[in-house]
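Worksheet: the structure to be examined is printed underneath.
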2 protein chains.
Amino acid sequence: MSQDGAGIHLETSLGYLLKEASSALRTAMEDVLRPLGMTVTRYSCLELLAQRPGLSNSELARGTFVTRQSMNVLLQALEREGLVTRPPEAPVGKVLPTRLTPTGRKALEKATVAVRSVELRMLAGLTDDEQAQALRILRSMVRSLQA
Amino acid sequence: MSQDGAGIHLETSLGYLLKEASSALRTAMEDVLRPLGMTVTRYSCLELLAQRPGLSNSELARGTFVTRQSMNVLLQALEREGLVTRPPEAPVGKVLPTRLTPTGRKALEKATVAVRSVELRMLAGLTDDEQAQALRILRSMVRSLQA
DNA sequence: TGACTCATGTCAGTATTCTGACATACCGTG
DNA sequence: CACGGTATGTCAGAATACTGACATGAGTCA
């Protein structure tokens, strides 16, 4: 079972568990978003846009942890479907500020409810203190990794 | 900055932070594995195989959080390159037990060193207590999500 | 035994994301 | 002002992962 030595202990590896938790969260989100005709990436983009209107393609990409090329094709699709709008010309530089349309806001609302239910389920067994701890610890990990 | 109401607070959302941490970890792993001609998925597969020899395609898929179809093409590649072996015929049922070859073990060793350095960096700012806490909390999240 | 359910390995096609590349616009320093 | 460095939007092609589908083998139950 626990043959020590060279490998990395999967059972006690924070990295492995991080991946597992992230994967479980993504799957759970997909499950609740699918009936709404929404995907995780699209939702992430819309939610980000709702909180910070006018974000550019590159900024959205960084906020959703994909490349700006991927975000670009996503935005083109969202634009075609009328969920977001971008001005035909950049007001300044090359940056195109993106905004939600009423349709996009509508779609996001339903998705947010679904996602919130998932997040609540995820946090069900945790006290407020533990949640705060988790926040602090995860932030520390991100900081260390990016350094 | 903090326009409350409909959305999910990104700054304080454990879900978002989980994704961010997982993404940062993956990027950091890719960075150290690339010089070795290794990818994260391949490493995960080999590491799993080192700890639990004889795992089947489907079991490896579950352990690395991909579909069994994806794992299958990965295994075929690893087999072609001589890093793993599978018997031509299933000893029992359809399950093909997979094993590392000496070449595979060799490749894994270097990768493990690299990955361990990343994991150590990630945990740099955390006490042992905090690491144990994180483990406990993440496990709770996974359990709640899968329920 | 036979029927049913479930899990597995695998093929094929699709979808998504990435890497590479290019032109362009800002911004600092000399 | 000129210029190198950096960031952006976008196109194209490659890599990767996924969904759908099928045949097969194991286990269960009547």
Side-chain angles (χ1 to χ4, degrees), chain A residues 19-20 22-24 26-31 33-35 37-46 49 52 54-81 84-99, chain B residues 19 22-24 26-31 33-35 37-46 48-49 52 54-81 84-99:
Chain A
K19 170 75 179 175
E20 181 172 10
S22 178
S23 171
R26 184 179 186 88
T27 298
M29 286 176 69
E30 283 170 348
D31 288 346
L33 288 178
R34 191 174 309 113
M38 178 80 72
T39 67
V40 174
T41 317
R42 291 162 74 96
Y43 160 75
S44 304
C45 175
L46 295 179
L49 229 35
R52 304 219 265 273
L55 242 44
S56 72
N57 175 30
S58 288
E59 289 168 324
L60 286 168
R62 280 191 291 269
T64 55
F65 314 108
V66 298
T67 63
R68 67 185 196 277
Q69 291 92 330
S70 298
M71 181 51 65
N72 192 34
V73 316
L74 209 167
L75 277 185
Q76 287 173 350
L78 289 176
E79 204 172 5
R80 198 176 330 117
E81 299 169 26
V84 307
T85 52
R86 283 191 291 183
E89 300 275 325
V92 51
K94 300 186 65 178
V95 178
L96 293 175
T98 311
R99 293 185 177 280
Chain B
K19 170 75 179 174
S22 178
S23 171
R26 185 179 185 87
T27 299
M29 286 176 68
E30 284 170 349
D31 288 346
L33 288 178
R34 191 172 310 114
M38 178 79 71
T39 67
V40 174
T41 316
R42 291 163 73 97
Y43 159 75
S44 304
C45 176
L46 295 179
L48 208 49
L49 230 33
R52 304 220 265 273
L55 244 41
S56 72
N57 176 30
S58 288
E59 290 168 324
L60 285 168
R62 279 190 293 270
T64 54
F65 315 107
V66 298
T67 63
R68 65 184 197 276
Q69 292 91 330
S70 296
M71 180 51 66
N72 191 33
V73 316
L74 208 167
L75 277 185
Q76 288 174 350
L78 290 176
E79 205 172 4
R80 197 177 328 117
E81 298 169 28
V84 307
T85 52
R86 284 190 292 181
E89 300 275 325
V92 52
K94 301 188 64 178
V95 177
L96 293 174
T98 312
R99 294 185 179 281

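Chain naming here is simple, since letters A, B, ... match the order of the sequence lines and numbering starts at 1 in each. What you see below is based on every heavy atom in this structure, not just the backbone, and it leaves out hydrogens, waters and symmetry mates.
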### Query
Taking the side chain as C-beta and beyond, is there a heavy-atom pair between B:L49 and B:L55 under 4.5 Å?
yes
## Note on the structure
Out of D:dC11, C:dT8, D:dC18, minimum distance to the side chain of A:N72 belongs to D:dC11
### Task
Check every atom of C:dT8, D:dT10, D:dC18 against the side chain of B:V66 and return the nucleotide holding the closest atom.
D:dC18
### Message
On the nucleotide C:dT17, are OP1 or OP2 found under 4.0 Å from the side-chain N or O atoms that A:T67 carries?
### Response
no
### Message
Please evaluate residues A:E81 and A:R42 with respect to the criterion side chain to side chain contact (heavy atoms under 4.5 Å, CB included), reporting the C-alpha separation (whole Å), side-chain torsions for both, the decisive distance (0.1 Å), and the verdict.
### Response
CA-CA 12 Å; A:E81 299 169 26; A:R42 291 162 74 96; 2.5 Å; yes
### Task
Counting heavy atoms from C-beta on, name the nucleotide in C:dC22, D:dG25, C:dT17 closest to the side chain of A:R68.
C:dC22
### Query
Within less than 4.0 Å of OP1 or OP2 of D:dT16, is there a side-chain N or O belonging to B:T41?
no
### Query
If you find the nucleotide of DNA chain D closest to A:R34 and the one closest to B:G93, which residue's nucleotide is nearer the 5' end?
A:R34
### Query
So how far is it from A:M71 CE to A:S56 OG, rounded to the nearest 0.5 Å?
10.0 Å
### Task
Quickly work out the B:Q76 CD to D:dT16 C1' distance and round it to whole Å.
14 Å
### Base of D:dG9 paired with side chain of A:Q69 (donor-acceptor, under 3.5 Å)
no
### Message
When you measure from the side-chain N and O atoms of A:R86 to the phosphate of D:dT10, is any distance below 4.0 Å, counting only OP1 and OP2?
### Response
yes
### Query
Within the distance-only criterion (no hydrogens, no angle test), does the side chain of B:T98 pair as donor or acceptor with the backbone N or O of B:R86 below 3.5 angstrom?
no
### Query
Nearest of C:dG9, C:dC18, D:dA17 to any side-chain atom of B:N57?
C:dG9
### Query
In whole angstrom, what separates A:L75's CG from C:dT16's C1'?
15 Å
### Message
Just to be sure I understand the rule, does B:R62 reach a base, reach only the sugar-phosphate, or reach nothing, if contact means heavy atoms closer than 4.0 Å?
### Response
sugar-phosphate
### Message
Nearest to the A:V92 side chain among C:dC26, D:dA23, C:dT10, which nucleotide is it?
### Response
C:dC26
### Query
OP1 or OP2 of C:dT16 sitting under 4.0 Å from any side-chain N/O of A:T39?
no
#### Entry: Closest nucleotide among D:dG20, D:dC18, D:dG9 to the A:S56 side chain
D:dG9
## Note on the structure
When rounded to the nearest 0.5 Å, the distance separating OG1 of A:T41 from CG of A:L46 is 10.5 Å
### Task
Classify the nucleic acid contact of B:R42 as base, sugar-phosphate or nothing, counting any heavy atom under 4.0 Å across all strands shown.
nothing
### Task
Kindly say if A:S58 contacts the phosphate of D:dA7, meaning a side-chain N or O under 4.0 Å from OP1 or OP2.
no
#### Entry: Proximity to the side chain of B:S70 - top-ranked nucleotide from C:dG9, C:dC26, D:dC18
D:dC18
### Message
Using a 4.0 Å heavy-atom cut-off, does A:L74 contact any base of the nucleic acid, only the sugar-phosphate backbone, or nothing at all?
### Response
nothing
### Message
Whole angstroms only, please: what is the CG-P distance between A:L78 and C:dT16?
### Response
11 Å
